[in-house]
Amino acid sequence: MQCSSSRCRPAPFERHAQSTIELVMTWKELVAEVASVGVGGGSEEPVTGVEYDSRKVKPGAVFVAMKGGSTDGNRYVEKAIAAGALGIITDSSNTFDHLLVYQAGTPVLEVEHGRRALAEASAAFFGHPERRIAATGITGTNGKTTTAFLAEALLNAAERKTVLVGTIEYHVAGEVRPSAHTTPESRDLFELMAEGAERGATELVTEVSSHGLDQGRALGLNFDVAVFTNLTRDHLDYHQTMEKYFAAKRLLFDGTMYPAPRVAVVNAHDERAWDLAEVARTAGAEVRTYGIGLGDWRAASFTLTPGGAVIDLETPAGSAHVTSKLAGQVNVLNLLAALTAAHARGVSFASLVESVPQLKPVPGRFQPVDAGQPFTVIVDYAHTDDALRNLIVLARQMTAHGNGRVITLFGCGGDRDRTKRPKMGQAAGAGSDFVVATSDNPRSEDPMAILAEIEPGLNPSGVRYIVEPDRAAAIHAALAEARAGDVVLLAGKGHEKEQILAGRTIPFDDAQVALSALAELGSEMGYRKGQ
């Protein structure tokens with residue numbers, strides 16, 4: 001199904017003139033594909049859109065009023081009608097009864113599950129792109145973004161057109177767009193897929209967050225391949241316990257809320273791997289494991305190099321000696337996950353092996369910053385204690401043959417899981433020679449209060465450290481501390497271009513701030529780019 005530019009809003013949820021999707025569907029045709037518990041009215045008028053945000057409703061659109069985590073869309077039904085909504089789909093019987101009286105001319109459909117209805121309506125409206133595009137979903141605490149980028153690159157190298165949805169950015173058949181959410185609502189995901197399918201895309205690679213899985217944002221998709229990277233402590237402000245956090249991840253594999261994938265790709269090193277593998281097999285999935293020295297797809301051995309890694313790859317499809325440009329042991333695992341997933345999607349082993357040397361590092365994931373300084377500066381998204389620990393281990397490996405030190409800058413996000421703050425401090429202190437504790441995205445919290453909760457984990461390590469809530473000043477302090485041969489880690493924000501403070505958001509890019517500080521320090525200390 002196609003759509004005109006005046007009616008399409010591809011992610012990041014703004015109109016794109018190049019879109020040509022036609023929207024030809026009536027209310028009756030649309031609701032015929034939505035499971036309902038009560039219907040009132042009907043219409044042969046053409047539907048011009050499906051929306052879950054009343055502010056985006058245009059004349060002829062269907063508004064899906066659903067209960068959410070922070071708000072209830074049923075509160076905005078009258079605004080949607082005033083904006084010209086053709087019909088209302090609601091998950092509230094109160095709204096249903098009210099509308100039958102309030103606006104007898106507006107057709108209304110009552111449903112049990114709002115987000116499922118949103119997925120069903122969106123899939124129908126956008127012409128069921130999920131039937132033309134095979135989906136690979138990647139979930140886990142760490143490694144989702146890198147694995148997704150690598151899997152997409154491997155598919156592209158095999159001449160497959162793709163749609164990529166994730167934390168850093170979205171891709172639509174080669175076009176790069178900014179990311180609004182790691183896992184967008186199903187309506188926006190189906191629109192991206194429809195645009196991609198129109199341009200010849202046959203593959204979707206998407207990060208699938210625990211929030212997205214738990215809330216049903218990926219409903220309507222039948223994942224052909226699902227990848228589990230790992231589970232470490234994170235998002236407990238939302239999930240409350242690790243068991244609930246794991247239960248959300250498990251939804252991608254167990255066939256309860258979502259159909260079980262055809263192939264489940266599981267990190268053999270994670271302590272929950274075998275439980276997850278058993279759940280997936282019981283649900284009907286084929287299970288493929290990966291790991292270092294174990295798993296179906298494994299690195300029998302590897303050697304880390306300054307420019308990446310050399311890996312002896314052993315798989316059921318064949319063995320090979322490959323050279324990767326991605327640094328660190330954790331990226332050996334990410335690469336194995338991507339290789340296993342791409343092979344499950346039918347990419348030949350020979351093509352995979354040929355593609356590995358061409359794979360590029362992912363923005364904000366172990367990203368070097370070079371201004372000619374005699375030490376290494378790395379920007380990375382590590383924002384959990386496990387990710388920070390792995391990052392520091394990698395930095396330590398880089399200094400193993402010299403006298404270099406590891407200098408770590410990090411912070412913890414505000415309005416997020418407070419229990420991980422001392423754990424982050426402990427991870428930083430245990431592996432570093434000098435630590436700068438600073439702000440991440442403090443949001444509504446007092447930055448000094450966040451730092452006070454980090455220090456109990458940092459103090460016992462005995463590491464020398466400073467506390468500086470101003471992140472720009474903290475980056476300057478970390479770089480001023482460095483000397484030849486050191487590795488400076490700027491952790492936590494990675495690819496992000498903004499910092500979220502109480503009541504405001506400011507432009508902030510760790511790499512750019514570091515470059516400015518290095519330029520200033522270079523003038524004082526005598527190093528220049530290329531010297």
Quiz item: In terms of the angle between their ring planes, are Phe228 and Phe246 parallel, tilted or perpendicular, with boundaries placed at 30° and 60°?
Solution: perpendicular
Quiz item: How far apart are the C-alpha atoms of Glu152 and Lys161, what are their side-chain angles, what is the distance that settles it, and do they pass the salt bridge (Lys or Arg N to Asp or Glu O under 4.0 Å) test?
Solution: CA-CA 9 Å; Glu152 185 201 30; Lys161 286 189 177 182; over 6 Å; no
Quiz item: Going by an N to O cut-off under 4.0 Å, is there a salt bridge joining Arg262 and Asp224?
Solution: yes
Exercise. Test His211 against Tyr245 for ring pair (Phe, Tyr, Trp, His ring centres under 6.0 Å), laying out the working first.
Key: CA-CA 9 Å; His211 293 66; Tyr245 182 28; 8.3 Å; no
Exercise. Give me the one residue out of Arg421, Arg416, Arg418 that meets salt bridge (charged side-chain N to carboxylate O under 4.0 Å, His left out) with Glu445.
Key: Arg421
Quiz item: Once you round to the nearest 0.5 Å, how far does CD1 of Ile454 lie from NZ of Lys420?
Solution: 10.0 Å
Quiz item: Ion pair present between Asp53 and Arg55, side-chain N to carboxylate O less than 4.0 angstrom?
Solution: yes
Quiz item: Heavy-atom distance under 4.5 Å between the side chains of Leu333 and Leu335, does that happen here?
Solution: no
Practice problem: Show your working on salt bridge (Lys or Arg N to Asp or Glu O under 4.0 Å) between Glu203 and Arg345 and close with a plain yes or no. | Solution: CA-CA 9 Å; Glu203 306 280 343; Arg345 283 295 311 132; 2.8 Å; yes
Practice problem: Taking atom types as modelled, find out whether His128 and Glu33 have a side-chain donor-acceptor pair closer than 3.5 angstrom. | Solution: yes
Quiz item: Any side-chain donor paired with an acceptor under 3.5 Å for Asp91 and Asn74?
Solution: yes
Quiz item: For the side chain of Asp380 and the backbone of Phe366, is there at least one donor-acceptor N/O pair under 3.5 Å apart?
Solution: yes
Quiz item: Can a donor-acceptor pair be found between the side chains of Thr229 and Asn267 at a distance below 3.5 Å?
Solution: no
Quiz item: Is any side-chain N of the basic residue among Glu120 and Arg116 closer than 4.0 Å to the acidic one's carboxylate O?
Solution: no
Quiz prompt | Student check: side-chain heavy atoms of Arg471 and Gln499 closer than 4.5 Å | solution = yes
Quiz item: Hey, are Arg115 and Ser186 close enough side-chain-wise for a donor-acceptor pair under 3.5 Å?
Solution: no
Quiz item: Are the side chains of Leu339 and Phe349 in touch, meaning some heavy atoms are under 4.5 Å apart?
Solution: no
Quiz item: Does the salt bridge (Lys or Arg N to Asp or Glu O under 4.0 Å) test come out yes or no for Asp509 and Lys497, once each step is laid out?
Solution: CA-CA 5 Å; Asp509 181 331; Lys497 306 300 183 187; 2.8 Å; yes
Quiz item: Looking only at side chains, do Tyr290 and Asn334 share a donor and an acceptor under 3.5 Å apart?
Solution: no
Quiz item: For residues Thr384 and Asp386, is any side-chain donor paired with an opposing acceptor at under 3.5 Å?
Solution: no
Exercise. Measure the CD1-CD distance between Ile168 and Glu496 for me, rounded to the nearest 0.5 Å.
Key: 10.0 Å
Quiz prompt | Interatomic distance, Arg177 atom CZ to Leu164 atom CG [nearest 0.5 angstrom] | solution = 12.5 Å
Quiz item: How far does CG of Leu336 sit from CG of Leu313, to the nearest 0.5 angstrom?
Solution: 6.5 Å
Quiz item: Do any N or O atoms from the side chain of Ser439 and from the backbone of Pro442 form a donor-acceptor pair under 3.5 angstrom?
Solution: no
Practice problem: Please indicate whether Glu29 has more than 12 foreign heavy atoms, meaning atoms of other residues, nucleotides or ligands, lying under 6.0 Å from its CD. | Solution: yes
Quiz item: Just how far is it from atom CD of Glu286 to atom CG of Asp296, taken to the nearest 0.5 Å?
Solution: 8.5 Å
Quiz item: Can you tell if the side chain of Thr408 reaches within under 4.5 Å of the side chain of Ile392, non-hydrogen atoms only?
Solution: yes
Quiz item: For residues Lys493 and Asn441, is any side-chain donor paired with an opposing acceptor at under 3.5 Å?
Solution: yes
Quiz item: Should the pair His343 and Trp297 be assigned to parallel (<30°), tilted (30 to 60°) or perpendicular (>60°) ring geometry?
Solution: tilted
Quiz item: With a 3.5 Å cut-off and no angle check, do the side chains of Glu207 and Thr139 form a donor-acceptor pair?
Solution: no
Quiz item: Hey, what do you get for CZ (Phe149) to CD1 (Ile138), rounding to the nearest 0.5 Å?
Solution: 11.0 Å
Quiz item: Can you find a side-chain donor-acceptor pair between Glu110 and Thr90 that sits under 3.5 Å?
Solution: no
Quiz prompt | Pair Glu453-Lys423, salt bridge (Lys or Arg N to Asp or Glu O under 4.0 Å): steps then yes or no | solution = CA-CA 10 Å; Glu453 293 185 346; Lys423 296 179 183 294; over 6 Å; no
